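All ligand and atom numbering here is 1-based and tracks the order in the structure. FYI, the numbering just counts along the sequence from 1. Predicted model, so just to flag it, every value in this text is computed and none were measured.
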Amino acid sequence: MTLTQPKRKLNQKLDLKLSKRPRRLRSSEAMRELVADTFLQPKDFIAPFFVVSGKGEVQPITALPGVSRFSVDQLMPQLERALNLGIKSVVLFGVVPEGQKSAYAGAASDASSPVNRALREARKHFGSDLVLMTDVCLCAYTDHGHCGLLKSSPKGLVIDNDASLEHLASMALSHAEAGADMVSPSDMMDGRVAAIRQVLDHEGFTEVAILSYAVKYASAFYGPFREAAGSSPSKGSSEIPKDRKTYQMDFRSSLEALREAQLDEDEGADMLMVKPALSYLDILARLRPQTTLPLVAYNVSGEYAMFKAAAAAGALDEALAVQEALTSIKRAGANLIISYYALEALEKGWL
Ligand code: PBG
């Protein structure tokens with residue numbers, strides 16, 4: 001091998017006395033592994049699943065390549081697959097047809113909703129081997145697609161925060177009755193953790209935990225999820241607010257994240273979530289020293305779709321990019337990660 005000489009010769013000798021050489025600890029794969037401090041394990045993942053009614057249903061979601069909605073019978077083998085990979089927890093999202101949606105989102109707390117049927121079936125199949133979590137939010141059940149109920153005001157239709165709490169609490173209660181270990185409110189109404197805790201305790205479900213989506217930003221990265229769950233806001237009338245910015249957080253705010261997290265902890269949350277993950281690693285890192293509760297990060301649908309699109313275009317090595325991104329979420333301070341990549345990444349040995 002011929003080495004190119006530098007074009008210009010220095011007329012002095014470098015006076016190097018390097019005693020500190022960080023590269024020593026990067027000298028081999030074994031050495032790097034020895035000193036690395038962030039490792040992903042299967043139990044770090046919470047696997048998300050979309051559940052629909054019916055039988056034999058496997059509905060691929062165009063915006064989320066590789067992810068499908070499953071009817072309860074088809075979901076069970078998927079939960080088994082997750083369990084066999086070492087995953088300990090799943091979070092279930094219900095999806096109902098437009099005809100079952102209403103202004104009051106009654107289908108959300110129906111004892112025979114897809115999520116509630118899935119909970120009963122999963123409990124029967126897996127006992128307490130799997131931690132069963134559920135998303136608690138009205139957006140997939142309201143005919144207008146908002147996470148809370150709407151009311152008229154002098155400013156037009158607005159979110160009725162306090163009236164929504166009762167509906168969210170009864171949705172959470174129906175999940176507890178169907179066997180959920182943990183309910184996870186993602187609606188961002190003020191006071192919902194306290195409302196849910198009060199109702200669960202009053203009904204004897206003191207053991208059912210709450211994972212609060214405490215720090216949830218109004219994000220452009222939820223698009224594919226809304227296709228998956230049929231939960232885009234502002235369907236129908238032009239009077240209906242077009243976005244979720246009056247309840248989800250403004251991405252220009254950071255101190256508010258700490259306040260939201262503190263409030264939910266005070267209201268009785270057992271775990272806190274930051275969502276999305278990748279554009280909010282700073283928020284995770286800042287929140288980490290504030291709380292001793294487990295922190296969860298949601299690697300959301302748009303983040304997943306971006307990686308899939310980049311990989312399909314040949315712009316990224318998917319395995320390496322996914323490993324790096326998921327590790328960065330843990331490194332930033334998350335104890336647990338919700339990711340659509342969980343099963344695929346573990347199955348293909350990417351982590
Ligand atoms: C429901 C909910 C959303 C997500 C999780 N729960 C959508 C939203 O707030 O519009 C997004 C998850 C994802 O994008 O993967 N409120």
Show the atoms of ligand 1 that are less than 4.0 angstrom away from any heavy atom in [X].
X: Lys275; result: 2 (C), 3 (C), 4 (C), 5 (C), 6 (N), 11 (C), 12 (C)
X: Ser186; result: 1 (C), 2 (C), 6 (N), 16 (N)
X: Cys139; result: 1 (C), 16 (N)
X: Asp135; result: 6 (N)
X: Cys147; result: 16 (N)

Between SG on residue Cys137 and CE on residue Met188, distance to nearest 0.5 Å: 11.0 Å
Ser339 side, atom OG; Asp44 side, atom CG - distance, nearest 0.5 Å: 12.0 Å
Close approach, Glu303 and ligand 1, non-hydrogen under 4.0 angstrom: no
Whether Lys216 lies under 4.0 Å from ligand 1, heavy atom: yes
Geometric class of the Tyr341/Phe307 ring pair [parallel <30°, tilted 30-60°, perpendicular >60°]: perpendicular
Ser231 N/O to ligand 1 N/O under 3.5 Å: no
Name of the residue among Met171, His146, Arg192 meeting side chain to side chain contact (heavy atoms under 4.5 Å, CB included) with Asp187: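 The single option meeting the side chain to side chain contact (heavy atoms under 4.5 Å, CB included) with Asp187 is Arg192.
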N/O donor to acceptor pairs below 3.5 angstrom from side-chain atoms of residues 217-226, sequence neighbours left out:
residue: Tyr217; atom: OH; partner: Ser253; partner atom: O; Å: 2.7
residue: Ser219; atom: OG; partner: Phe221; partner atom: N; Å: 2.9
residue: Tyr222; atom: OH; partner: Tyr217; partner atom: O; Å: 2.6

Taking atom 14 (O) of ligand 1 as the reference point, the nearest protein heavy atom with its distance: Ser301 OG, 2.7 Å
Atom 10 (O) of ligand 1: nearest protein contact (heavy atom, Å):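 Nearest neighbour among protein heavy atoms for atom 10 (O) of ligand 1, to 0.1 Å: Arg226 NE, 2.6 Å.
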Nearest heavy-atom neighbours spanning Val193 and Ile210: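 Answer, listing the atom of Val193 first, then Ile210: O-CD1, 3.8 Å.
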Within reach of ligand 1, part of Tyr340 (heavy-atom separation under 4.0 Å):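 Within the 4.0 Å criterion, Tyr340 contacts ligand 1 through side-chain atoms alone.
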Side-chain donor-acceptor pair present, His167, Tyr141, cut-off under 3.5 Å: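 No, no side-chain donor-acceptor contact under 3.5 Å.
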Cluster check Val115, Val58: I/L/V/M/F/W/Y, side chain < 4.5 angstrom: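 Result: yes, single cluster for both.
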